[in-house]
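Beneath this line is the structure, given in structure tokens, with notes to follow.
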Amino acid sequence: MKFAFYPGCVAKGACRELYSSSLIVAERLGIELHELTNASCCGAGVISERDPLLSDSLNARTFAIAEELNLNIMNICGTCQGVMIKAQKNIDGDIKRRDTINGILKEGGHQYNGKVKIRHLLHILIDDFGLDRLKNLVVRPLKGLKVAPFYGCYVLRPSIYSDFSYPDRTTAMEDIITSLGGEPVSYDGRFKCCGFPIIMWNKGHSLTMSGISLKEAKEKEADCLVTPCPLCNLNLDSYQPEINKIVQMKLDLPILHLPQLVGIALGIDGKDLGLHKHIVSTEKIFDKI
Amino acid sequence: MVIFSIFRMNPEKDKGPYYKDYELNIPEGATVLDCLNLIKWTQDGTLSYRMSCRSAICGSCAVKINGHPKLACKTQVVDEIMNGEIRIEPIGNAKVLKDLVVDLDLFWQKIEDVKPWLIVDKSLKPPTPPLQKGGKGGFEEQRQSPEEFHRIDAASTCIMCASCCSDCNSWEANEKFLGPAALAKAQRFVDDSRDKGKLERIIDLSKENGMWDCTHCGECWERCPTETKPLDRIITLRTTALEMGITGNNGARHVNGFVESINKSGILNENILPIKSIGIFNIPGLLSLIPVGIRMFLKGKNPPIIHKHIDEMDDVKRIFKRFKK
């Protein structure tokens, strides 16, 4: 099993523990990764607001690079996943657009042929690797650990750009948590927005959005949250001291990246998974399991 | 036999909301609205809900079906049965008046706030007879090309059912946010070739609680029963604002700073972008970054000080050059 690995900007920036934990978990699972060091940012739904064709062109270039390697793409960022799928659907659904974009890419020696599949680690674990196989590799079951999944908008909505057949009813994250021996927490906030996209201009409301879901998870007795999107992680973890003030309670909820949770159950050392890099201490997770 | 678990509340009698179960044999081809009618007519006349056209045109009958808003008249019951049950609740982000009926005053106020009417060119001549006949005045005909109409076609299909606002995550956190329906309505007028208030509208919509307070959560897109798809309309508004140079706000600065960053190095410079978004002269704004900045630095979560560009950056720069306006 080999993928063209697209880490995304945040895993190379503020959430480098996502990058390192993804590499170590992939290695442990026997998933071979070829990092796309020449691929640009996906645009995060921001560049497309300035110019949709520019955004699609940059993504088409990434797709073309993966196609040249004859590999499908593996994302570890939910936002990258949603944005890339949207770009691919825009391009594949409009032959004229694809021709225009290929005209732009041609000078750089790239051509996008519509063959590459774009997958998130979340989907790869379930569809390609398989949860039974994953379960067999668990050496440190998350027994007794109540884990609240936090999906992040971009892997869910709009549903036409989602890999889930029924995003409103998906239990993908819950299934992974269960396979690792943990107990998934059921709460409405799992499908909600963390508020990150407006953190730079409407901090109060952005963090209120985070607070609504975190408070609900806490009330449902979650020990920690896990998310497949590092942007969600940034809001929920880095700003948790501010969120505590908004919800008027000490949340003390560690926010893990998906590969970190998998890594814990696979018995990988917490430091190697970068668990010490979170703002909210993750130590209590080990007290529980 | 299917159990309809329906949200009930009569503020004049009940201490709080509760759910009441109704068992019903589902007639073939029945919609959720057909079943609500059957329950009301044959089991419990006190159940309240809104309905009118029964043809997915009037937008009255939006209710939450198994957790998300849908038009009751457009939803087949058989598609919604989960373990022999269907849960029916009032739409969200609105005060419940009784059972499934909610107060839509705030929703309508926001629609009004975006001036949902054409701002006309006052230099246009009054109509010549026979157009004037029996009318109260008006102006000469202003024709639109199919391409011009295409820009407002999607937003024109909105039926004001408030499903988008029901699940809007930004509205849930901030009641003052204009919300998806009003912003979609605004796009319908901003992009109307006959409207003369485009600049004024975009300036208004760029203020706090306007177009930049949408988080792209996609709920409005998902819940919209028409082709309006408010998220797409909000993105269109933002593109228009950037094209018109209305960039004196953090949202627009964020987009421009983001694009600039990718043009420079192919990958986002997370150290620089917050400063560009907040604005270099916005001292209180910049100071507000310090606590989280220090916190992240102490944990080694700060983005690398030396920001490296991706391989083959020349090719990315070449693509950007093609788009330089």
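Reminder, nothing fancy here: chain letters follow the sequence lines and each chain counts from 1.
Residues M200(A) and S277(B) share a closest heavy-atom pair of CB-CB, 4.0 Å. Minimum interatomic distance between T37(A) and D311(B) (heavy atoms only, all atoms of both residues): OG1-OD2, 2.8 Å. Of all heavy-atom pairs spanning N169(B) and C193(A), the tightest one is OD1-N, 2.6 Å. Scanning all heavy atoms of the two residues, the minimum distance from S57(A) to F323(B) falls at OG-CZ, 3.6 Å. Contact record, G45(A) with H216(B): O-CE1, 3.5 Å, taken as the closest heavy-atom pair. Here the closest heavy-atom approach between residue P291(B) and residue E242(A) is recorded as CB-OE2, 4.3 Å.
Of the two parts of F191(A), only the backbone, made up of N, CA, C and O, holds a non-hydrogen atom closer than 4.5 Å to a non-hydrogen atom of chain B. If you measure heavy-atom distances from M82(B) to chain A, the contacts under 4.5 Å come from the side chain alone. Both the backbone and the side chain of S288(B) come within contact range of chain A, judged by heavy atoms closer than 4.5 Å. Only the side chain of D237(A) comes within contact range of chain B, with at least one heavy atom under 4.5 Å from a heavy atom of that chain. I267(B) touches chain A through backbone and side chain together, each having a heavy atom under 4.5 Å away. Using a 4.5 Å cut-off between heavy atoms, H276(A) touches chain B through its backbone atoms (N, CA, C, O) alone. Using a 4.5 Å cut-off between heavy atoms, C214(B) touches chain A through its backbone atoms (N, CA, C, O) alone. With a 4.5 Å cut-off on non-hydrogen atoms, L105(A) touches chain B through its backbone and its side chain both. Only the side chain of H68(B) comes within less than 4.5 Å of a heavy atom of chain A; its backbone N, CA, C and O stay farther away. For chain B, no part of L207(A) is nearby; none of its heavy atoms comes within less than 4.5 Å. For S48(A), the part sitting under 4.5 Å from any heavy atom of chain B is the backbone (N, CA, C, O) and nothing else. Within the 4.5 angstrom heavy-atom criterion, atoms from both the backbone and the side chain of L54(A) approach chain B. Of the atoms belonging to K12(A), heavy atoms from both backbone and side chain fall under 4.5 Å from chain B. Both the backbone and the side chain of N256(B) come within less than 4.5 Å of a heavy atom in chain A.
Counting non-hydrogen atoms of other residues, nucleotides and ligands closer than 6.0 Å to CD of E283(A) gives a total of 12 or fewer. For H307(B), the NE2 atom is densely surrounded, since the number of other residues' heavy atoms within 6.0 Å is greater than 12. Within a 6.0 Å radius of CD in E175(B), other residues, nucleotides and ligands contribute 12 heavy atoms or fewer. Under a cut-off of 6.0 angstrom, the local environment of NZ in K220(A) is crowded, with over 12 non-hydrogen atoms contributed by other residues, nucleotides or ligands. Crowding of K317(B) atom NZ: a count of heavy atoms from other residues, nucleotides or ligands under 6.0 Å exceeding 12. Within 6.0 Å of the NZ atom in K284(A), the count of heavy atoms belonging to other residues, nucleotides or ligands exceeds 12. Atom CD of E227(B) sits in a sparse spot, with 12 or fewer heavy atoms from other residues, nucleotides or ligands closer than 6.0 Å. Within a 6.0 Å sphere centred on CD1 of I280(B), heavy atoms belonging to other residues, nucleotides or ligands number 12 at most.
Of the inter-residue distances, the one linking C217(B) atom SG with Y154(A) atom OH reads 10.0 Å to the nearest 0.5 angstrom. Taking OG from S206(A) and CG from D213(B), the interatomic distance works out to 10.0 Å, rounded to the nearest 0.5 Å. Within the model, atoms OG of S261(B) and CD1 of I47(A) stand 8.5 Å from one another, a figure rounded to the nearest 0.5 Å. A distance of 7.5 Å separates CD1 in I319(B) from CD1 in I104(A), rounded to the nearest 0.5 Å. Atoms CZ and SG, on F258(B) and C41(A) in that order, are 4.0 Å from each other to the nearest 0.5 Å.
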Run D51(A) and R322(B) through salt bridge (charged side-chain N to carboxylate O under 4.0 Å, His left out) and show every step you take.
CA-CA 12 Å; D51(A) 193 325; R322(B) 292 280 298 256; over 6 Å; no
Carefully, step by step, assess E172(B) and K192(A) under the rule salt bridge (charged side-chain N to carboxylate O under 4.0 Å, His left out).
CA-CA 11 Å; E172(B) 185 184 14; K192(A) 283 188 180 172; 3.0 Å; yes
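Considering C9(A), S40(A), C42(A) as possible partners of L268(B), the one that fulfils the side-chain contact (heavy atoms from CB on, under 4.5 Å) test is C9(A).
In this structure, the side chains of H205(A) and T215(B) stay at 4.5 Å or more apart for every pair of heavy atoms. Side chains of N202(A) and F177(B) form no contact here, defined as non-hydrogen atoms less than 4.5 Å apart.
Between E17(A) and K301(B) there is a salt bridge, since at least one side-chain N of the basic residue sits less than 4.0 Å from a carboxylate O of the acidic one. E312(B) and R61(A) are joined by a salt bridge, as a carboxylate oxygen and a charged side-chain nitrogen come within less than 4.0 angstrom of each other. A salt bridge between R223(B) and D168(A) is present, with a side-chain N of the basic residue lying under 4.0 Å from a carboxylate O of the acidic one.
The aromatic rings of W201(A) and W212(B) sit perpendicular to each other, their planes meeting at more than 60°, with 30° as the lower class boundary.
Under the 3.5 Å distance criterion, the side-chain polar atoms of R295(B) are matched with a main-chain donor or acceptor of S238(A). Judged purely by atom type and a 3.5 angstrom limit, K299(B) uses its side chain to pair as donor or acceptor with the backbone of H278(A). For the pair R16(A) (side chain) and N302(B) (backbone), a donor-acceptor distance under 3.5 Å is present. Between the R238(B) side chain and the R50(A) main chain, no donor and acceptor come within less than 3.5 Å of each other.
Counting heavy-atom pairs closer than 4.5 Å to chain A, the top-ranked of the candidates V316(B), T236(B), N66(B), D315(B) is D315(B).
No hydrogens or angles considered: nothing links the side chains of T239(B) and E49(A) as a donor-acceptor pair under 3.5 Å.
Residues satisfying the side chain to side chain donor-acceptor pair (under 3.5 Å) test with E67(A), not counting sequence neighbours, are none.
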